[in-house]
Amino acid sequence: MADIDQIMQHDHERLDQLLGQSAHAVSTGAWQEAAHLLEVFRHGIVDGHMMVEESTLFPAFEHKEGGDDHPLTALLRKGHRDLRIFFEEMAEAIQDQDAETFDDLLSTVQTILKQHDAKEETELYPYLAAALPDRGKAAGKRILADETETPS
Amino acid sequence: MSEYRGCELPEDLFYDLDYVWLRPEDDGTLTIGITDPAQTMSGRLQKARIKKIGTHLDAGRHVATLESGKWAGGVPVPFAGEVIARNEALLEDPHLINVAPYSDAWIARIKPDDPQHALDNVKIGPEAIEALEAWIKRYDVQCMRCSE
């Protein structure tokens, strides 16, 4: 099995694709499909990816770095809080069939994700892959299990 | 005016202890903006979207979204209410937020659904300033004053 940095980076790419598919459905007016795809994306990122990070990876980093108030994980946790609200607002825009609002939110969310993911991929995951005894494989298993369970 | 690591923190405003400041107005509305440390962390702002007048927002929802070259994020409202005014100047020149976050760059005015409890989740005075100083330290922010 791959190390945690490779697994998490792959999950970022998978989630980006899901969000892109939902956006495409919005652009073609397929509102029901867009709502379904956004929910698949939301479940994957909030209940899978973020959950593993907040329950396992961030605490592991903070434990190694000597405290739970580290600027890196504080910033990443804040990013998660902001994103959760944006995902709710995107779902509401789809419910209202409001493509203009959805596109505005999508632009902001994609910018946040690009910066957030880059920070994790350059500063967090490589550190944990090197620092954890199993190179993060246990946490990686949870991500891979979630990917398998993702509804189509 | 308190100052910490170069960040201005007016003592007469209410804060959500994260990004947002609030100022109660005489007509019962509340003006919202983002703090000096928040604008510093965001970088030079290049885009601002503010919800239209008449939009109703639940507590915690974003009244605006802001983007710089290195950052994007929302401006959450700590209470439910209706947008009754927005700062149109920011739509043309979002960088104004980096220059005058507490004055010319107010973002919106909101009429709370429940004026009695609109400020229940925000802080003012020494308690707020102390928490904001901890915020500045946590995110390792050093404020720089923009002049243009």
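The sequence lines fix the lettering, A, B, ..., with proteins before strands; numbering per chain opens at 1. Predicted model, so just to flag it, every value in this text is computed and none were measured.
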#### Entry: Contacting region of B:R49 [heavy-atom separation from chain A under 4.5 Å]
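Contact with chain A is through the side chain of B:R49 alone.
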Heavy-atom count check: over 12 atoms from other residues, nucleotides or ligands less than 6.0 Å from [X] [atom1]?
| X | atom1 | result |
| --- | --- | --- |
| A:Q32 | CD | no |
| B:E130 | CD | no |
| A:E100 | CD | no |
| B:H56 | NE2 | yes |

### Query
B:Y19 ring centre to A:K78 NZ or CZ under 6.0 Å, with the angle to the axis within 45°?
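The answer is yes, since A:K78 meets both limits relative to B:Y19.
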### Query
Between A:I112, A:L83, A:V109, which residue shows the highest count of heavy-atom pairs closer than 4.5 Å to chain B?
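Of the candidates given, the most pairs with chain B belong to A:I112.
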### Query
So which of A:D104, A:L75, A:T111 has the largest heavy-atom pair count under 4.5 angstrom toward chain B?
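Winner by heavy-atom pair count: A:D104.
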Do [X] and [Y] belong together in a cluster built from hydrophobic side chains that touch within less than 4.5 Å?
| X | Y | value |
| --- | --- | --- |
| B:I32 | B:V99 | no |
| B:L9 | B:W106 | yes |
| A:L37 | A:L106 | no |
| B:I84 | B:L22 | no |
| B:W135 | A:L76 | no |

### Task
Considering non-hydrogen atoms only, spot the tightest contact between B:H62 and A:F86 and give its length.
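So the two residues come closest at ND1-CE2, 3.3 Å.
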### Heavy-atom pair with the smallest gap, counting every atom of A:S107 and B:E67
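Heavy atoms only, the tightest pair is OG-OE2, 3.5 Å.
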### Query
Rounded to the nearest 0.5 Å, how far apart are NZ of B:K47 and OG1 of A:T108?
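Those atoms lie 7.5 Å apart.
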### Separation between CG of B:D140 and NE2 of A:H70, rounded to the nearest 0.5 Å
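Rounded to the nearest 0.5 Å, the CG-NE2 separation comes to 9.5 Å.
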For [X], which atoms come within 4.5 Å of any heavy atom of chain B: side chain, backbone, both, or neither?
| X | value |
| --- | --- |
| A:R81 | side chain |
| A:E92 | side chain |
| A:T101 | neither |

#### Entry: Side chains of A:P71 and B:K137 in contact at under 4.5 Å (non-hydrogen atoms)
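Not in contact.
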### Task
Check for a donor-acceptor pair, side chain of A:E89 on one end and backbone N or O of B:R61 on the other, with a separation under 3.5 Å.
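No; zero donor-acceptor contacts below 3.5 Å.
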